[in-house]
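Before any comments, here is the structure.
Chain identifiers are assigned alphabetically (A, B, ...) following the order of the sequence lines, protein sequences preceding nucleic acid strands; residue numbering begins at 1 within each chain. It should be emphasised that the depicted structure is a prediction, and the values quoted were computed from it without experimental measurement.
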Amino acid sequence: MAQKVSIPKGTRDFSPLEMARRNYIFETIRDVYKLYGFQPIETPSMELLSTLMGKYGEEGDKLLFKILNSGDFAKKANPEHWNTKNINKLTSQIAEKGLRYDLTVPFARYVVQNRNDITFPFKRFQIQPVWRADRPQKGRYREFMQCDADVIGSNALVHEAELVMIIDEVFKRLGINVTVKLNSRKLLTAIAELVGKPELITAITVSIDKLDKIGIDKVREELIQAGLTSDDVEKVIPIIELKGSNAEKLNKLVQLFESNEAAVEGKKEIDTVLAYLKNYDMTNDVEFDLALARGLNYYTGCIIEVKANDAQMGSICGGGRYDDLTGIFGLKDVSGVGISFGADRIYDVLEQLDKFPETTLQGPTVMLVNFGEKEMEYAFKAAIALRKAGIAAEVYPDQVKMKKQMNYANAKNFPYVIMVGENEINDNTYTLKNMTSGEQSTSSLNDVINQLSN
RNA sequence: GUGGUUGUAGCUCAGUUGGUUAGAGCACUGGAUUGUGGUUCCAGGGGUCGUGGGUUCAAUUCCCAUCAUCCACCCCA
């Protein structure tokens, strides 16, 4: 009996149709990135664990796929660690590589390693898969594509504004309505300082980030659990619950925070970015949202997150400014800012909303029907001429029933089929059939090429 | 890591209050239709009912375990 085959949890195969649709997403993002002056790079699938570990928080370390060393790796492992189940020490002895968890940290490594050859500010984009040993669920895979654009070596807030414009343009082209949420990590720092517990910044941000999902009461509970007093909580809640337009929220912010230094800086960041955006005709909404936090703890300035308005899905794009990511690798005072589109989630949203364009369904342009030996030769030559003219052509390889050949053309979504039999050979003509309308006409090869070239 | 869901044909799923030949739709193959597909009709192939154990005269069905799956939490794209 046949062996039951499958692929690892959280991974997927992609059919020709799915590839066409994925490429449509990648091309759209790539085109917009290029339009804003970004250039592509690629980095290896695996990085040294020393590069990856500790950059994504404790949770992140757990979610890294680690690659077992080659050869007799067991020899190098200290048996004591086996016995005491000291996983951390043990992994460092038997695994020195891991699959990349995102594209930002490898990029920071790339910049530090190639700093002498890079002209700053450096704008790069990168579209590659990343891996996380997460438990899969809706919109969550263990292998998925990220489409990153980052600027490194410039503090200017114009980049934040342009990144928002890129997001707007990409989703406009894809036909997805989104809300771009904007906040600053500095305002979150200010909140932690306001209650006099700066060390709780991570726990606080994690809790308030859930406001949308779990509601204000649960957030209160979580904040208390995180170590805030109820007095503290009553100070925090009005801030994250601020309502009104972006300008109104920003104004009220001043009163709530008074002259907290971090708050002033954070507000200025948001002000500046929104001022830049006034020059641009946004298709989607930009919302200043104090409850936006984002998990990755390397962010220091503006943070950005995008949600689809018409689909149930986690964030489909996110990013922010990180002031010290290259510092970890020994290159100080280089600020970076970037965004990342989650292509797989965007795919799921497009599918849910049925927004893929028709053209992603289309197969090669024309199939030539195979009627017999003589006809095959005639058709084969025609296919060569068609390809020379830049038209994707294919001759059906076997002499089987017409019905079967037409079924094949149908299944493969050929928009056109060419039929050549005895009559056509005698007259040196070709019968071209439009598969959507069913119309067909007989003419010379040049005419056929002209018709298909449009 | 925690909680729940579901495992029956290639795919999507019925079904059996435990009983001897396990069903449908889609897909596939052949025919109606030997140069015309996407519509229709007929026929056919394909399943040790996830795996292991238990209860029973008898288990695909009940019980236990295990694996896989999907969903939710944690966290995140």
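- If you check every strand for non-hydrogen atoms under 4.0 Å, Met435(A) touches a base.
- Among the atoms of the strands shown, base atoms are found under 4.0 Å from some heavy atom of Gly139(A).
- Using a 4.0 Å heavy-atom criterion, one finds that Gln405(A) contacts no nucleic acid atom at all.
- Remark: G44(B) base-pairs with C28(B). Criterion, Watson-Crick or G-U wobble with two distances under 3.5 Å.
- As judged by a 4.0 angstrom heavy-atom cut-off over every strand, Gln146(A) is placed among residues touching the sugar-phosphate backbone only.
- Within 3.5 Å, no donor on the side chain of Arg132(A) pairs with an acceptor on the base of C76(B), nor the reverse.
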### Message
Walk me through whether Glu59(A) and Lys62(A) qualify under salt bridge (charged side-chain N to carboxylate O under 4.0 Å, His left out).
### Response
CA-CA 5 Å; Glu59(A) 277 305 311; Lys62(A) 276 194 240 162; 3.7 Å; yes

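- Nucleotide C49(B): unpaired (no Watson-Crick or G-U wobble partner with both distances less than 3.5 Å).
- Among the protein residues, Gly318(A) comes within range of no part of the nucleic acid, since none of its heavy atoms lies under 4.0 Å from any strand.
- Base contact: Lys403(A) has a heavy atom under 4.0 Å from a base atom.
- Contact of Arg135(A) with U2(B) (side chain to base): a donor-acceptor pair of N or O atoms is detected under 3.5 Å.
- Using a 4.0 Å heavy-atom distance criterion, Lys210(A) is classed as a sugar-phosphate-only contact.
- At a cut-off of 3.5 angstrom, the base of C76(B) holds at least one donor-acceptor pair with the side chain of Arg345(A).
- Whole-Å rounding puts the Lys213(A) NZ to C75(B) C1' distance at 9 Å.
- Base engagement by Glu422(A) is indicated by at least one non-hydrogen atom pair under 4.0 Å involving a base atom.
- Using a 4.0 Å heavy-atom cutoff across all strands shown, Glu424(A) reaches at least one base atom of the nucleic acid.
- Between the OH atom of Tyr408(A) and the P atom of G35(B) there is a distance of 20 Å, rounded to whole Å.
- The side chain of Asn407(A) lies closest to G37(B) when the candidates are G37(B), C74(B), G35(B).
- Judged by centroid separation below 5.5 Å and plane tilt below 30°, Phe144(A) stacks onto the base of A77(B).
- For Lys138(A), whose side chain is taken as the heavy atoms from C-beta onward, the closest listed nucleotide among C71(B), U69(B), C74(B) is C71(B).
- Rounded to an integer number of Å, the gap from CG of Asp344(A) to P of C76(B) is 18 Å.
- Under the 3.5 Å distance criterion, with hydrogens and angles disregarded, no donor-acceptor pair is assigned to the side chains of Thr179(A) and Asp285(A).
- In this structure, Lys355(A) contributes its side chain and Gly175(A) its backbone to a donor-acceptor pair below 3.5 Å.
- The Gln137(A) side chain lies nearest to C71(B) when the options are A77(B), C75(B), C71(B).
- No cation-pi contact links Arg321(A) to Tyr299(A), judged by a cut-off of 6.0 Å to the six-membered ring centre and 45° from its axis.
- At distances below 3.5 Å, at least one donor-acceptor pair connects side-chain atoms of Arg387(A) with backbone N or O atoms of Ala393(A).
- Among the heavy atoms of the strands, none lies under 4.0 Å from Gly60(A).
- Protein atom NZ of Lys401(A) is 7 Å distant from nucleotide atom C1' of G30(B), rounded to whole Å.
- Pair assignment for G38(B) gives none, since no Watson-Crick or G-U wobble pairing has each distance under 3.5 Å.
- Side chain of Asn410(A), nearest nucleotide from G38(B), U36(B), C71(B): G38(B).
- Distances from the side chain of Lys433(A) to the nucleotides U36(B), G35(B), U40(B) place U36(B) closest.
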